[in-house]
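Reminder, nothing fancy here: chain letters follow the sequence lines and each chain counts from 1.
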Number of protein chains: 2
Amino acid sequence: MRHVAALAGVGVKTVSRVINGEPNVSAATIEKVNAAARKLDYQPDLHAGNLRRADGRTRTLGLLVGSVDNPFAGAVHRAVEDAAADRGVAVFASSLDDDPAREQEAVAAFLRRRVDGLILTTVSESQAYLAPELRRGTPVVFVDREPAGLTSDSVVSDNADGAALATRHLLEHGHRRLAYLGDRAGIQTARERRRGFLEELGRAGVATRDLPVVEGLHDEATAREATLALFAGDQPPTAIFSSQNLVTIGVIRALRELGRHHDTALVGFDDVPLGDLLDPGITVVAQHPQEIGRLAAERVFARLDGDEAPALRTVVPTTLIVRGSGELPPKAER
Amino acid sequence: MRHVAALAGVGVKTVSRVINGEPNVSAATIEKVNAAARKLDYQPDLHAGNLRRADGRTRTLGLLVGSVDNPFAGAVHRAVEDAAADRGVAVFASSLDDDPAREQEAVAAFLRRRVDGLILTTVSESQAYLAPELRRGTPVVFVDREPAGLTSDSVVSDNADGAALATRHLLEHGHRRLAYLGDRAGIQTARERRRGFLEELGRAGVATRDLPVVEGLHDEATAREATLALFAGDQPPTAIFSSQNLVTIGVIRALRELGRHHDTALVGFDDVPLGDLLDPGITVVAQHPQEIGRLAAERVFARLDGDEAPALRTVVPTTLIVRGSGELPPKAER
DNA sequence: GTGAAAGCGCTAACAC
DNA sequence: GTGTTAGCGCTTTCAC
């Protein structure tokens, strides 16, 4: 900046004014400064400016998702990015991998870089460690999962409702031997989905005691194996509710291997890529990750713009998408 | 930091030493400082430190991909993140959307934030604008597409070879009426893939004059329409080579609608999610985005670690994955 | 083993 | 309209 000022024959403050589009600079001076900046390939240092700037904004957001490689996370990320780009805000993205240590490291990395706001998917038992940061005024919005030990904005799917919707759908198609295949019970959304599943069965008067409730599945491989094991038993289910996109894919693979994909009903929670092109089409309770990301970004920016309202919990409804796999009737008992 | 120093009863420099794990501090002092830092929820400001620090490293990378919502980009991103996280480096991720303006803005946003390195997918005609930055010592690695008007490291798939491989596969299965459905010719990889397609046909002695070469497709919708149009003509192809994952999906949808998915061969460039579970399975020339991301990160960090070798062009081979759609024989002429 | 002073690139406050 | 000075939070240099 000093070099630009020298080359343009003005003071550094004038360069600063031009760079930031502040008023009270003559057109001729603006042109001189811009010419000098161009000649020197000058790029202002945002961080240096922020050190002194009144609002202290870095125009940077930290986003933590399950994995940047997951379609759900990709859609959330994209929506956040679009909202941020409109405001000249850049986005740090990190993957959580359902690892509490990674959560803490990622958040610390964001905070050391003085992000203006945080959009987080979390997995550790408590997010109380964020309290000081929240007091400091950094907006924190939780996506997909709600925080524990701390109150802040969140944007989540209606997990229990969606799971109940899926379950009711299977019940309506005559199934009574349903199986639940889901993620670790340590994960809040997994608990909610299991609760929705069991409660809906309870409302329908179906005894849940003997129904298989398999937890701890987190990827295709474990879900596939769990499904195979289920069918190796003497009372395989006639319908499966899978609580997560990767689990759903694992179930599909297993059912195909067993040749049971046309006689075992399946409803998945969260949409599956190309789910409509499979045979049968995969009936899912779809979430709306794009909408979740959009609303989360909206919350962060509202807070940055001075919204002081109490923490807001935004629930994004899920949608049942009927495609075939959820409408298969129970296989006749042998 | 001043507050921490005051509370611990030491000078700021001592706090700095403790934070950065520098030697020559007594164990007792370290403990005092850490206790004070914890009490005050002190988070060091990385940017402030970098202003003065000798190496000037922000421990931050800028990554520009097609769209963070695309599976290819997600895999690249994930690999870059994993390599970066090992080194305590955070990653800014932005979407290009094949928009030259967005490219420039994203890069400028990265540079204003003083990223240590850049991993870029580009679309503008020339990246010469990066020359000053490159001279300044910022490593720039191009992924997926090679730069123009500038020489720097790149990590790309063997686009022409992969396209030729796909084409040869279709020829070997007896097809002569092949169609090419691809992205805008303005995109370097699209040009390469078209070249590979046409050259392979030339080597096989197949006249390419009358074969449909449709370009300018960039999403499912346009690819679907182009495919439908192809079959509305009087000489529909017996085989299709689609040059990109979204285009492949659009083609699949159109073929299904037409009921032609079992008599029109299809090989796609770049893998398609669940491509093995469709009927027929989708034969593709798979790229290795994870590997591309890993190698790109490796390049950036090698440069940061002082590698001064001439610009390196790394080619990641593609792999033909046979699943059914590419092995369909030509439909008997009517 | 520790601290004081200067300065990184910029903006705030105020002078002219 | 424009420049000067101080200082943001930290690291460097150098003294003790």
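- Residues Glu125(B) and Ala148(B) share a closest heavy-atom pair of O-CB, 3.3 Å.
- At whole-Å resolution of the value, CD in Glu31(A) and C1' in dG1(D) are 17 Å apart.
- The phosphate of dG1(C) (OP1 or OP2) has no side-chain N or O of Thr29(B) nearer than 4.0 angstrom.
- For Tyr42(A), there are no ring pair (Phe, Tyr, Trp, His ring centres under 6.0 Å) partners at least two apart in sequence or on another chain.
- Each of Arg53(B) and Ile30(B) was assigned the nucleotide of DNA chain C with the nearest heavy atom; the assignment lying further toward the 5' end belongs to Ile30(B).
- In this structure, CG of Leu46(B) is placed 16 Å from C1' of dG9(C), rounded to the nearest angstrom.
- Of the residues in residues 10-25 of chain B, Lys13(B), Ser16(B), Asn20(B) come within less than 4.0 Å of DNA chain D through at least one heavy atom, sorted by number.
- Counting only heavy atoms from C-beta on, Met1(B) has its side chain closest to dC10(D) among dG9(C), dC10(D), dC8(D).
- Atom CZ in Arg2(B) sits about 10 Å away from atom C1' in dC8(D), given to the nearest Å.
- Residue Asp55(A) contributes atom CG, which lies 13 Å from atom C1' of dC8(D) at whole-angstrom precision.
- Contacts classified as ring pair (Phe, Tyr, Trp, His ring centres under 6.0 Å) and involving residues 119-150 of chain B (residues at least two apart or in different chains) are not found.
- Rounding to whole angstrom units, NZ of residue Lys32(B) and P of dT2(C) are separated by 7 Å.
- OP1 or OP2 of dT2(D) lies within a sub-4.0 Å distance of a side-chain N or O belonging to Ser26(A).
- For the pair Leu51(A) CG and dA6(D) P, the computed distance is 18 Å after rounding to whole Å.
- Not counting sequence neighbours, Asp219(B) has no partner by the salt bridge (charged side-chain N to carboxylate O under 4.0 Å, His left out) test.
- Rounded to whole angstrom, the span from the CZ atom of Arg52(A) across to the C1' atom of dT4(D) amounts to 13 Å.
- For residues 9-19 of chain B, every residue pair satisfying the salt bridge (charged side-chain N to carboxylate O under 4.0 Å, His left out) rule, not counting sequence neighbours, is listed here: Lys13(B)-Glu22(B).
- Considering only heavy atoms from C-beta on, Thr14(B) comes within 4.5 Å of Val25(B) through its side chain.
- Each ring pair (Phe, Tyr, Trp, His ring centres under 6.0 Å) pair with one or both residues in residues 6-41 of chain A, not counting sequence neighbours, would appear here, but there are none.
- Distance Asp45(B) CG to dC10(C) C1': 13 Å, rounded to the nearest Å.
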